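These figures come from a predicted structure and were not determined experimentally. Chain A is the first sequence line, chain B the second, and so forth, proteins listed ahead of strands; every chain is numbered from 1.
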2 protein chains.
Amino acid sequence: MNVTIPTTAPLDCSQVSEVLGRVGEKWTMQVVIALRDQPYRFNEIKRHVRGISQQMLARTLKTLERDGMVKRTVGPTAPPQVEYELTALGRSLSAPVRQLAQWARAHLAAIHDNQLSYDATH
Amino acid sequence: MNVTIPTTAPLDCSQVSEVLGRVGEKWTMQVVIALRDQPYRFNEIKRHVRGISQQMLARTLKTLERDGMVKRTVGPTAPPQVEYELTALGRSLSAPVRQLAQWARAHLAAIHDNQLSYDATH
DNA sequence: CGGGATCCAGTAGGATACTG
DNA sequence: CAGTATCCTACTGGATCCCG
């Protein structure tokens, strides 16, 4: 068989950019990363993700839940006990994102250098 | 040696989200992908990236050039002949992004299903 | 504790017209 | 051909207050 769709594979289509856009949102991946190892409650996540507001955490979690990346579990207690955990889908996303993050760490200094010299001459 | 910094590696820091944000911009990766195989001129890129306006293409290319991902070469002719090509940095980025794109294509249907059933119950 | 409702600022994205 | 200049809209991100 050997279909061989090498580097020339689509890669384009607007569908992919839908996911790229989600990944590029400010808090999405930081929340996913915070949940990587174990479930956490709302304010536990908030403490792990430095700088996030209640509002943005609530929005981000809701979006992730809607996408099926995070599972929300409400305990029958008062006050409410709500736990969030990654689904298999959410966990599988963190792998390629980790590749990207490694690239970022490896090349961010070069990018900043380029920006500085570009700004100096334009 | 085998240092073994497994899934617990940083991955966090705001620096990474700077790159993630860039990747998440609407046209950035589509332009990078269009330039993957060979240099192109402005309007050639515009034809390859369906739906992009002159304005957004100019902005995107300028940002990519500033980041050092794209090299801009002006020929000494009239009318101007301007060629854009990926730098080594730009080419190296497309590898991890391709991983993400493959993930996107593989799981986008599942995401849409989740969104539909979520919307139906909330 | 875990949110929702509201309001607000900044920016990404886009349409159109003009220019060297 | 390869942009720049304007102008506008929509959405992201955030601060604050309120509620069960």
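- Rounded to whole angstrom, the span from the CZ atom of B:Arg59 across to the C1' atom of D:dA2 amounts to 16 Å.
- Residue whose closest nucleotide on DNA chain D sits further toward the 5' end, between A:Gly51 and B:Arg47: B:Arg47.
- Here the shortest heavy-atom pairing between B:Ala34 and B:His48 reads CB-CB, 4.2 Å.
- For the pair A:Gln54 CD and D:dC18 P, the interatomic distance rounds to 14 Å; values are reported in whole Å.
- Remark: side-chain polar atoms of B:Thr28 are not paired, donor with acceptor, to backbone N or O of B:Gly24 under 3.5 angstrom.
- Atoms CD (B:Gln55) and C1' (C:dA12) sit 11 Å apart, rounded to a whole Å.
- For the pair B:Ile45 CD1 and D:dG3 P, the interatomic distance rounds to 9 Å; values are reported in whole Å.
- You'll find that the side chain of A:Ser53 is closest to D:dA15, out of C:dG3, D:dA15, D:dG3.
- Contact check, B:Trp27 against C:dG14: a side-chain N or O comes under 4.0 Å of OP1 or OP2.
- Atom CD of A:Glu18 and atom CG of A:Asp67 lie 8.0 Å apart (nearest 0.5 Å).
- If you take CE of B:Met29 and P of C:dG13, they are 14 Å apart, rounded to a whole angstrom.
- The distance between atom NZ of A:Lys62 and atom P of C:dG2, rounded to the nearest whole Å, is 16 Å.
- The separation between A:Arg22 atom CZ and D:dC11 atom P is 13 Å, rounded to whole Å.
- Rounded to an integer number of Å, the gap from NE2 of B:His122 to C1' of C:dG3 is 14 Å.
- Checking C:dC1, C:dG4, D:dG3 against every side-chain atom of B:Ala58, the shortest atom distance belongs to D:dG3.
- Electrostatic pairing of B:Glu25 and B:Arg22 counts as a salt bridge here, judged by a charged N lying under 4.0 Å from a carboxylate O.
- Closest to the side chain of B:Arg72, out of C:dG20, D:dG3, C:dC1, is D:dG3.
- At D:dG3, one or more side-chain N or O atoms of B:Tyr84 fall inside 4.0 Å of OP1 or OP2 (strictly under the cut-off).
- Across every non-hydrogen atom of B:Arg91 and B:Leu86, the tightest pair is NH2-O, 3.2 Å.
- Within the structure, a side-chain polar atom (N or O) of B:Lys26 is placed less than 4.0 Å from OP1 or OP2 of C:dG14.
- Contact annotation: A:Lys46 side-chain N/O to C:dG3 OP1/OP2 distance is not under 4.0 Å.
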